[in-house]
Amino acid sequence: MKKITLLFTLTLCTLMLSAQQLPQPITAPGQSCTSIMVGKLASKDGSVITSHTCDGRYRTWMTIEPAADHQRGDRHIVYKNTMHTNYAGDTAGVRIAGTIPEEAHTYAYLNTAYPCMNEHQLAIGETTFGGPSELRNGDGMFLIEELQRVALQRCTTAREAIRLIGELVERYGYADGGECITIADPNEVWQMEILGEGPKKIGGIWAAQRIPDDHVGVSANIPRIGKLQRDNPDYFMCSDNIEKVAKKFKLWDGKGEFVFWKAFNCDYANGRNYREREYFILNALAPSLRLNRDMDELPFSVKPDDNVDVREVIELFRSTYEGTDMDMCKNLKVVVDRKDKNGKPYKDTITSPIANPWMTGNAERLYNALKPGSVEFMRTVSVAWCSYSHIIQLRGWLPDAIGGICWMSVDNPAETPRIPIFCGTSTLPEAYSLCGQNKYNPDAVVWKYRRANKLATLQWQSTKKRVMSDVKKCDDHAFEGLQDLERQVRQLYRKDHADQVTPLLNAYTASAYSYSVDIWNKLENDCWYWFGLGF
């Protein structure tokens, strides 16, 4: 009996560890983040939307950094390597890159690995595309996350943020690989793509293109900006050195019209400006365009067939391509015995209960060894190695404190419910102050959900109906109270009781979190019961 118990324990541990490995093959530093953008005339309620999945082993602790006043002569410290720390104030591996003059006043902001929203409804999403390695200069002061931080501390509009980031890159240097940041305010959303200027140059190159108000856009680790439109400042901004740098490094021959994404593309793109995610998302929102994966290029943005609700964006972030030709589980079929309503036995072919769209490289190799061609890897929108993700909704007709909502989740976006964090939220539940990426910590927010998620994934075809039901239950709970909360906040402002708004918002965030954690505890317990004898 002891040997059997030990064998079961070892097998279970192997399964649990396998479920947390990065899926393979991952062919490039890209494939790590997705951002969907929605203009105010493309959304159902007039809100502007930006978003971000932080895919990879990044820190999951997050805080609300308060607004602050500073003395003349104060310096703002710019750091590097802050995204893998374990808690606020952790300095392990962090180094000072330099300092810049401080502003007299800085705004409160939501401090995630990639800082994402401030108190004035300015929000930023991010995706990495890498680009040509010869443009990178590690001696530059700024990595992308620090540019986001400074912009959120100092700016109130997307255009202000773009101009400031461009100035900082030019003056102090950009040290990162190719990055896209999707910058939004209650009026508009922009896509800004940034690269270095070369190993011997402190500077950078950048271009920013506005998503038309009635359009949607997507960035998913591939540069998407095309022709430079310097004569259209309402929709386009860029540095003046782009073509010069491209020619210097033989990324453009100087002949014909210059196309940004072609000059600075990444290997992952295979010579195009899209792959699975861009195609799937744009096609889902504008099926009338009949986009297909054989096209040489997809549009920078598209007008959706129907206006988009924020909950539709949330659902897109849960996408695994189920039911399409890109479904990685489509060939993983088994035959099971069933009985019809009259008790007569028959054979039925179903998707294997253990098939899941986030299988590890080990599982993929096993299936393909047993039968070549069983699984073709597709980079899904939701991935099991996501640290956290957010969809940020900006609503200019409401006071800033409640107008901006960051719908936050941790771990796999397909499995975890979303918690509303408002521009006026000042504190988060204690679990958000701890990172759970470097060790198991049951008190860290990511492990409040990850335990049940990983168990459910091991027999996903059997558990997904329950998981999706619980996700909907939590999301419904978070959304259902919003109208009443907005009414209360408006009344408090009208009665000059603005000091009561923040506690109300803090309580709403805490309530949504507690409700979801209770449900996920029950889900975890049920999983252990269902699979007590094995998976």
Side-chain angles (χ1 to χ4, degrees), residues 20 22 26 28-35 50-65 76-98 109-118 123-131 136 138-153 165 168-169 172-183 192 194-196 219 221 383-390 392 406 408-413 421 428 431-439 441 444-447 450:
Q20 296 176 53
L22 296 184
I26 293 178
Q31 304 190 38
S32 299
C33 301
T34 308
S35 177
T50 188
S51 53
H52 171 54
T53 65
C54 186
D55 300 329
R57 196 176 284 274
Y58 293 93
R59 67 171 170 91
T60 54
W61 67 264
M62 55 192 77
T63 59
I64 308 292
E65 297 299 322
H76 173 85
I77 301 174
V78 178
Y79 294 99
K80 289 184 177 179
N81 307 326
T82 62
M83 294 195 295
H84 301 281
T85 51
N86 290 303
Y87 51 86
D90 181 11
T91 59
V94 177
R95 66 183 182 89
I96 295 175
Y109 68 97
L110 178 52
N111 178 21
T112 44
Y114 292 89
C116 63
M117 181 177 73
N118 76 7
I124 307 178
E126 178 274 347
T127 78
T128 300
F129 63 85
R136 189 162 183 169
D139 293 331
M141 184 182 294
F142 278 96
L143 298 175
I144 195 66
E145 63 272 15
E146 292 301 300
L147 288 170
Q148 293 180 223
R149 187 186 319 282
V150 173
L152 292 171
Q153 288 178 316
I165 289 170
L168 293 172
V169 165
Y172 298 102
Y174 180 67
D176 231 332
E179 289 277 357
C180 171
I181 47 177
T182 57
I183 310 175
M192 183 179 190
I194 313 171
L195 301 101
S219 175
N221 309 129
V383 292
W385 67 92
C386 182
S387 297
Y388 67 88
S389 65
H390 58 70
I392 300 181
C406 175
M408 179 67 71
S409 79
V410 293
D411 202 54
N412 190 334
I421 302 171
L428 298 174
Y432 285 91
S433 67
L434 302 171
C435 183
Q437 295 289 50
N438 298 319
K439 65 177 182 179
N441 185 345
V445 63
V446 71
W447 286 105
R450 179 172 283 172

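Keep in mind that what you see is a predicted model, and the values were worked out from it rather than measured.
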Verify, without hydrogens or angle tests, whether N81 (side chain) and G93 (backbone) share a donor-acceptor contact under 3.5 angstrom. yes
Please check: side-chain N/O of Q148 versus main-chain N/O of P115, any donor-acceptor pairing under 3.5 Å? yes
Expected output: side-chain Y174 to main-chain G177 donor-acceptor under 3.5 Å: yes
Taking S387 for the side chain and G56 for the main chain, is one N or O donor matched with an acceptor at less than 3.5 Å? yes
In terms of ring plane angle, is the pair Y58 and H84 parallel, tilted or perpendicular, where the classes change at 30° and 60°? parallel
Looking at E146, E145, R149, which hits side chain to side chain contact (heavy atoms under 4.5 Å, CB included) with Y114? E145
R136 side chain vs A175 backbone, donor-acceptor pair below 3.5 Å: yes
Report the residue from D176, V150, V169 that forms a side chain to side chain contact (heavy atoms under 4.5 Å, CB included) with F142. V150
If we only count heavy atoms from C-beta on, is the M62 to M408 side-chain gap below 4.5 Å? yes
Are the side chains of I392 and C406 in contact, using a 4.5 Å heavy-atom criterion? yes
Indicate the atoms forming the closest heavy-atom contact of N412 with A384, along with that distance. ND2-CA, 3.9 Å
Just verifying a value: how many Å separate L147 CG and L152 CG, rounded to the nearest 0.5 Å? 11.0 Å
Test side-chain contact (heavy atoms from CB on, under 4.5 Å) applied to Y432 and T63, step by step: CA-CA 7 Å; Y432 285 91; T63 59; over 6 Å; no
Nearest 0.5 Å please: distance from the OG atom of S219 over to the CD atom of E179. 9.5 Å
Taking side chain as C-beta onward, heavy atoms only, is V445 less than 4.5 Å from W61? no
Are T128 and I144 close enough that some pair of their side-chain heavy atoms sits under 4.5 Å apart? no
Would you check if the side chain of T50 reaches a backbone N or O of T182 as a donor-acceptor pair within less than 3.5 Å? yes
State the OH-CZ distance between Y79 and R95, to the nearest 0.5 angstrom. 13.0 Å
May I ask you to decide if S32's main-chain N or O and N221's side chain share a donor-acceptor pair within less than 3.5 Å? yes
Rounded distance (nearest 0.5 Å) linking atom CG of N86 with atom CG of N438: 4.5 Å
Distance in Å, L195 CG paired with C180 SG, rounded so as to fall on 0.5 Å steps: 10.5 Å
Closest heavy-atom pair, D90 versus T85, reported as atoms and distance to 0.1 Å, is O-CG2, 3.4 Å
Quick check: does any side chain N or O of T60 sit under 3.5 Å from a backbone N or O of C435, one acting as donor and the other as acceptor? no
Taking side chain as C-beta onward, heavy atoms only, is T112 less than 4.5 Å from M117? no
Nearest 0.5 Å, what's the SG-CD distance between C116 and E126? 11.5 Å
Is any side-chain heavy atom of L110 closer than 4.5 Å to one of I64? yes
Pairwise side-chain contact, Y388 with H52, heavy-atom cut-off 4.5 Å (strictly under): yes
So do the side chains of M141 and L168 get within less than 4.5 Å of each other, counting heavy atoms only? no
